[in-house]
Visitor: 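Dropping the structure in here first, questions after.
These figures come from a predicted structure and were not determined experimentally.
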Amino acid sequence: MAEANLDPVFQIQRVYLKDVSLEQPNSPEILLEQEQPGVDIQLGVDATPVAEGIFEVTVTATVHTKIKDKTVFLVEAKQAGIFEIRNMEQDQLSSILGIACPQIVYPYLRGNVADVIQRGGFPPVTLAEINFQAMYQQQQAEAAAAHSGATTTVQ
């Protein structure tokens, strides 16, 4: 009888661009503005089980540039990866999905966002390096605070 292999497994199956959009709702008029636009960048990470031991991890970026109250451009992009992760404790699995996987996917997202913005006729916006460990720890702390706060009633 063969013994089941219980060694931890972590493998990248595929990294792919799941979704990307570029909107320039106020072009061409906004392009004549001399003022520097304000830039707002939002990032998110999501992990979803696909099959037994297979997970999709998606890193999402939204880059919104505005002059006064008018949008110059809005880019939304989702870069995803499919990972095989088996034989891990739940806390290990959680941190791999929240830290290691996004670290692998994010450089692809950075390149694709910069490329889309540049192809849209704008100077490239380079997304900053992200410390996914710090981001993950902050999310865990916020979730713990929300959970403990949900059970406390303040009068």
Visitor: Counting only N and O atoms by type, is there a donor-acceptor contact under 3.5 Å from the side chain of Asn26 to the main-chain atoms of Lys70?
Guide: no
Visitor: Test Gln90 against Leu93 for side chain to side chain contact (heavy atoms under 4.5 Å, CB included), laying out the working first.
Guide: CA-CA 5 Å; Gln90 184 58 43; Leu93 175 63; 4.0 Å; yes
Visitor: Please determine whether side chain to side chain contact (heavy atoms under 4.5 Å, CB included) holds for the pair Lys78 and Val20, giving the CA-CA distance in whole Å, both sets of side-chain angles, and the decisive distance to 0.1 Å.
Guide: CA-CA 6 Å; Lys78 292 182 179 183; Val20 67; over 6 Å; no
Visitor: With the side chain counted from C-beta on, respond yes when Gln42 and His64 share a heavy-atom pair under 4.5 Å apart, and no when they do not.
Guide: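 Counting from C-beta outward, Gln42 and His64 never come under 4.5 Å.
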Visitor: The test is side chain to side chain contact (heavy atoms under 4.5 Å, CB included); show your working for Val63 and Leu74 and say whether it passes.
Guide: CA-CA 6 Å; Val63 180; Leu74 173 66; over 6 Å; no
Visitor: Distance-only, no hydrogens or angles: does the Glu33 side chain make a donor-acceptor pair with backbone N or O of Ile30 under 3.5 Å?
Guide: no
Visitor: Applying ring-ring contact (aromatic ring centres under 6.0 Å, His included), can you list everything that pairs with Tyr106, at least two apart in sequence or on another chain?
Guide: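 Checked Tyr106 against ring-ring contact (aromatic ring centres under 6.0 Å, His included); matches are Phe132.
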Visitor: Counting distance only, does the side-chain N/O of Asn87 pair as donor-acceptor with the main-chain N or O of Asp7 below 3.5 Å?
Guide: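 Present.
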Visitor: Side-chain heavy atoms nearer than 4.5 Å, only ILVMFWY residues, links allowed to pass through others: does that put Val9 and Val50 together?
Guide: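 Per the 4.5 Å side-chain linkage, Val9 and Val50 are not co-clustered.
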Visitor: Taking Thr65 for its side chain and Pro37 for its backbone only, find out whether a donor-acceptor pair lies under 3.5 Å.
Guide: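 The answer is no, because no donor-acceptor pair under 3.5 Å joins these two groups.
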Visitor: Taking the side chain as every heavy atom from C-beta outward, state whether Ile130 and Met135 have any atom pair closer than 4.5 Å.
Guide: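 In contact.
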Visitor: Can you list the residues that meet the side-chain contact (heavy atoms from CB on, under 4.5 Å) rule with Ile12, with sequence neighbours excluded?
Guide: Val15, Phe83, Ile104
Visitor: Is there a side chain to side chain contact (heavy atoms under 4.5 Å, CB included) between Glu129 and Arg110 once you walk through the steps?
Guide: CA-CA 9 Å; Glu129 290 291 331; Arg110 288 180 74 209; 2.5 Å; yes
